[in-house]
Novice: 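My structure is below; once you've seen it, I'll send some questions.
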2 protein chains.
Amino acid sequence: MSNDERYPVGSVRTTFRIVEALEQRGTAGVTELAEEIGLSKSSVHKHLTTLESLDYVVRDEGTYRLGFRFLGVGNRVRNRSELVSIAKPAIENLSRTAGSVTNLMVAEHGYGVYAYRAGEQFETSSYLPPVGGRVYLHATAGGKAILSQFSDEEVETVLDRRGLPSLTEKTITDEQALRRELRSVRDRGLAFERGEHLPSVQCVAAPVTASGRPVGAISVSGSIDQMSGKKLEEDLAGLVVSTANAIEVTLLRR
Amino acid sequence: MSNDERYPVGSVRTTFRIVEALEQRGTAGVTELAEEIGLSKSSVHKHLTTLESLDYVVRDEGTYRLGFRFLGVGNRVRNRSELVSIAKPAIENLSRTAGSVTNLMVAEHGYGVYAYRAGEQFETSSYLPPVGGRVYLHATAGGKAILSQFSDEEVETVLDRRGLPSLTEKTITDEQALRRELRSVRDRGLAFERGEHLPSVQCVAAPVTASGRPVGAISVSGSIDQMSGKKLEEDLAGLVVSTANAIEVTLLRR
DNA sequence: GAGGACCGTTTCCTGATAGCGAACGATTGG
DNA sequence: CCAATCGTTCGCTATCAGGAAACGGTCCTC
């Protein structure tokens with residue numbers, strides 16, 4: 001076992017390597033997984049047997065796949081979050097008035113995670129990161145909205161961990177440029193995303209804070225031909241900010 | 001570690017014990033978890049550190065909670081399922097025409113799992129099992145619809161594993177009575193649930209099969225005062241059956 | 001403000017075990 | 001019909017998962 005300081009229980013790391021390989025492939029066999037992970041067949045088999053007994057993996061005629069139990073855990077995590085339950089009706093409203101996809105993003109481990117989304121039916125053309133999916137904070141409107149409320153040191157920690165990878169030709173990859181952008185976001189209370197994450201996706205977001213700390217961000221996204229110019233920069237921007245404010249007020253009154 | 005044949009990698013079982021304890025509590029400390037699981041504080045701490053490095057757990061000021069990463073895994077599992085992607089628009093339609101909550105249930109490890117739900121806004125009063133939640137097959141309309149397509153031996157396997165626990169005073173707890181009920185469900189292609197799972201919930205479901213095997217069930221649920229008599233037994237029943245049939249046809253044409 | 005109780009964390013040790021290699025049936029396909 | 005490949009089983013052994021105890025910090029309490 002790789003005895004990294006960060007993974008004191010090596011076999012847990014192994015198991016989640018297998019889980020993540022299964023997550024990517026959808027369905028896979030023992031040999032296939034063993035080769036991918038670089039483990040012996042027998043070890044992989046032991047892990048799969050254990051995971052199956054725990055109901056996290058389903059054995060289907062000599063092949064394996066992840067079970068729906070993960071869906072249960074994931075939904076429980078989400079439903080326990082006070083922020084999500086408060087933001088849910090708010091962004092559903094926002095989605096209806098804006099006629100666009102709206103998201104709640106939270107930050108975790110230096111990534112942004114889409115915790116909830118409404119109005120998926122408005123976006124049929126372009127591909128959006130799935131709910132629960134992790135994205136880079138520096139390349140998304142919601143991510144920049146959250147980062148803008150972080151201290152300089154906290155931003156530094158995120159950059160050290162995740163870097164500034166380029167996702168499209170418009171992604172901000174220079175740290176000084178990002179710092180400038182974050183100052184502007186902080187001043188306006190608004191973040192825009194213009195093809196920095198996905199080439200044809202535009203986005204506007206506002207941070208949600210509780211007692212001075214950022215707890216998430218509200219965003220509206222759409223394809224580049226759906227929203228631009230005044231609609232994006234004024235109409236949608238105003239809606240996003242007022243929704244974020246409404247959520248903040250409700251968070252206080254809980 | 002308990003050296004059960006079914007859990008060849010004991011520490012994986014330990015880790016998921018911790019995950020499930022965290023899932024129930026929402027947030028917990030090391031000592032609390034160690035007492036619950038019956039493990040030493042240092043071991044629990046090692047597991048939590050590992051899980052945090054893997055981004056599945058979040059450390060928040062000396063206390064721990066599950067991360068949203070589980071939501072990502074769960075959604076990926078769901079989105080990979082061909083049945084879900086086909087059933088999704090169908091049960092959304094069904095929900096609108098019926099004006100009720102509709103569900104897609106699949107069977108896993110002898111339990112029923114709600115894989116997808118539409119029209120949650122129609123049900124504000126009574127509590128419904130969450131999406132991803134696991135329920136007993138013998139006590140739910142969807143579960144009985146699925147069981148009705150199982151062979152006698154398969155039903156026996158499920159009963160051996162999960163038993164026939166009583167959930168309300170109307171739950172079927174006698175095996176012979178259940179077998180009779182399943183025959184009736186098979187004959188009609190329809191299953192009803194009248195307070196057998198939750199006292200005030202009524203439900204009607206139809207199985208979805210692919211090449212003779214049950215792959216899931218479509219159901220409509222509502223509180224007892226919303227649906228009963230003719231509405232439940234004729235109108236909704238017909239809609240559920242035709243939706244299930246439509247899904248079966250699409251499954252064939254994939 | 002001193003004491004104590006509790007917390008999360010770290011350290012060190014040791015018996016249990018995670019991972020390995022090899023062998024075994026079952027299945028497949030040339 | 002045999003060769004290849006699959007999932008599975010079986011012992012073995014070096015490793016490590018788990019335990020006990022001590023540590024440093026924080027929060028009450030008196």
Side-chain angles (χ1 to χ4, degrees), chain A residues 1-22 24-67 108-109 157 211 213, chain B residues 1-67 109 157:
Chain A
M1 285 307 326
S2 58
N3 195 1
D4 197 318
E5 178 74 11
R6 293 161 47 82
Y7 306 99
V9 187
S11 52
V12 169
R13 194 185 182 191
T14 304
T15 270
F16 278 103
R17 279 228 186 87
I18 294 173
V19 166
E20 283 158 26
L22 267 179
Q24 283 198 331
R25 291 167 184 262
T27 172
V30 176
T31 309
E32 194 180 348
L33 290 170
E35 278 170 6
E36 159 123 7
I37 319 279
L39 235 64
S40 68
K41 282 200 296 175
S42 52
S43 292
V44 172
H45 184 259
K46 275 207 233 179
H47 279 270
L48 287 171
T49 304
T50 308
L51 288 167
E52 200 222 352
S53 294
L54 293 167
D55 292 357
Y56 288 97
V57 156
V58 178
R59 179 189 265 128
D60 203 17
E61 292 166 18
T63 175
Y64 294 87
R65 62 172 179 82
L66 295 187
E108 245 183 41
H109 302 287
T157 306
S211 51
R213 298 291 313 155
Chain B
M1 279 310 323
S2 58
N3 195 1
D4 198 318
E5 178 74 10
R6 294 161 44 82
Y7 305 99
V9 187
S11 53
V12 169
R13 194 185 184 192
T14 304
T15 269
F16 278 102
R17 280 229 184 87
I18 294 173
V19 166
E20 284 158 25
L22 267 180
E23 182 190 345
Q24 283 198 331
R25 292 166 184 262
T27 173
V30 175
T31 309
E32 194 180 348
L33 290 169
E35 278 170 7
E36 160 124 7
I37 319 280
L39 234 66
S40 68
K41 282 199 295 174
S42 53
S43 291
V44 172
H45 183 258
K46 277 208 230 180
H47 280 269
L48 288 171
T49 303
T50 308
L51 288 167
E52 201 223 350
S53 294
L54 293 167
D55 292 357
Y56 288 97
V57 156
V58 178
R59 181 188 263 128
D60 202 17
E61 292 167 18
T63 176
Y64 293 87
R65 61 173 179 84
L66 295 187
H109 303 287
T157 306

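Labels below follow one simple rule: chain letters A, B, ... track the order of the sequence lines, proteins then strands, and each chain is numbered from 1.
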Novice: Separation of Glu61(B) atom CD from dG25(D) atom P, in whole Å?
Specialist: 18 Å
Novice: With a 4.5 Å cut-off on side-chain heavy atoms, are Glu108(A) and Asp55(B) touching?
Specialist: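 Sidechains of Glu108(A) and Asp55(B): no contact.
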Novice: Side-chain contact, heavy-atom cut-off 4.5 Å: Thr49(B) with Arg59(B)?
Specialist: yes
Novice: Would you call Tyr64(A) and His45(A) a side-chain contact if the rule is heavy atoms closer than 4.5 Å?
Specialist: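 The answer is yes; the side chains approach within 4.5 Å.
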Novice: Starting the side chain at C-beta, find the nucleotide from dG18(D), dA17(D), dG8(C) nearest to Ser43(B).
Specialist: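 Per side-chain heavy atoms of Ser43(B), the pick is dG18(D).
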Novice: Counting just side-chain N and O atoms, does Ser11(A) come under 4.0 Å of either OP1 or OP2 of dC16(D)?
Specialist: no
Novice: Does dG18(D) have OP1 or OP2 sitting under 4.0 Å from an N or O in the side chain of Ser40(B)?
Specialist: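 Checking dG18(D) against Ser40(B), no side-chain N or O comes under 4.0 Å of OP1 or OP2.
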Novice: Atom CD1 of Ile37(A) to atom C1' of dA18(C): distance rounded to whole Å?
Specialist: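 So the two atoms are 15 Å apart, to the nearest Å.
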Novice: Tell me the interatomic distance from Ile18(A), atom CD1, to dA18(C), atom C1', rounded to whole angstroms.
Specialist: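 It is 11 Å, rounded to the nearest whole Å.
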Novice: Please report the distance, rounded to the nearest Å, between CG in Leu48(B) and P in dT10(C).
Specialist: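 These atoms are roughly 13 Å apart.
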Novice: Considering only dT10(C), dC20(C), dG7(D), which nucleotide approaches the side chain of Lys46(A) most closely?
Specialist: dC20(C)
Novice: Using only side-chain N and O atoms of Tyr64(A), determine if any of them is under 4.0 Å from OP1 or OP2 of dC6(D).
Specialist: no
Novice: Looking at dC20(C), dT8(D), dT9(C), which one has an atom nearest to any side-chain atom of Ser42(A)?
Specialist: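 The closest nucleotide is dC20(C).
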Novice: Looking at residues 27-36 of chain A, who's got a heavy atom less than 4.0 Å off DNA chain D?
Specialist: Gly29(A), Val30(A), Thr31(A)
Novice: Do the side-chain N or O atoms of Arg59(A) get closer than 4.0 angstrom to the phosphate oxygens (OP1, OP2) of dT8(D)?
Specialist: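 Answer is yes, contact under 4.0 Å.
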Novice: Within a strict 4.5 Å, meaning less than it, do heavy atoms of the Leu22(B) and Val57(B) side chains meet?
Specialist: yes
Novice: Has Ser53(A) got a side-chain atom pairing as donor or acceptor with Arg6(B)'s backbone, closer than 3.5 angstrom?
Specialist: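 A pair under 3.5 Å: yes.
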Novice: Note the angle between the end axes of the helix from dG1(C)-dC30(D) to dG30(C)-dC1(D), five pairs defining each, rounded to 10 degrees.
Specialist: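 Here the helix ends are tilted 40° relative to one another.
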Novice: Considering only heavy atoms and no angle criterion, is a donor-acceptor pair shorter than 3.5 Å present between the side chain of Lys41(A) and the base of dG21(C)?
Specialist: no
Novice: Using a 3.5 Å distance criterion without hydrogens, assess whether the side chain of Thr50(A) forms a donor-acceptor pair with backbone atoms of Val9(B).
Specialist: yes
Novice: Is any side-chain nitrogen or oxygen of Arg13(B) closer than 4.0 Å to OP1 or OP2 of dG18(D)?
Specialist: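 Negative; the distance criterion is not met.
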Novice: Please figure out whether Thr49(A) or Val12(A) has its closest DNA chain D nucleotide nearer the 5' end.
Specialist: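 Closer to the 5' end of DNA chain D: Thr49(A).
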Novice: Find the distance Leu39(B):CG to dC16(D):P and express it as a whole number of Å.
Specialist: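 The distance from CG of Leu39(B) to P of dC16(D) comes to 19 Å, rounded to the nearest Å.
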Novice: Between His45(A) and dC6(D), is there a side-chain N or O to OP1/OP2 distance below 4.0 Å?
Specialist: no
Novice: Taking only side-chain nitrogens and oxygens of Tyr7(B), does any of them come within less than 4.0 Å of OP1 or OP2 of dA18(C)?
Specialist: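 The answer is no; no side-chain N or O of Tyr7(B) sits under 4.0 Å from OP1 or OP2.
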Novice: State which of dG8(C), dA18(C), dG19(D) makes the closest approach to the side chain of Val9(B).
Specialist: dA18(C)
Novice: Measure the shortest side-chain to side-chain distance between Arg17(B) and Glu36(B) over non-hydrogen atoms and say whether it is less than 4.5 angstrom.
Specialist: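 No - every pair of side-chain heavy atoms lies 4.5 Å or more apart.
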Novice: Using the benzene-type ring in the case of Trp, are the ring centres of Phe16(A) and Phe16(B) under 6.0 Å apart?
Specialist: yes
Novice: Distance check needed: dA17(D) P versus Phe16(B) CZ, whole Å only.
Specialist: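 Whole-Å distance recorded here is 15 Å.
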Novice: Roughly how far, to the nearest 0.5 Å, is CD of Glu20(B) from CD1 of Ile37(B)?
Specialist: 8.5 Å
Novice: So, do Thr14(B) and Leu39(B) sit near enough that their side-chain heavy atoms are less than 4.5 Å apart?
Specialist: yes
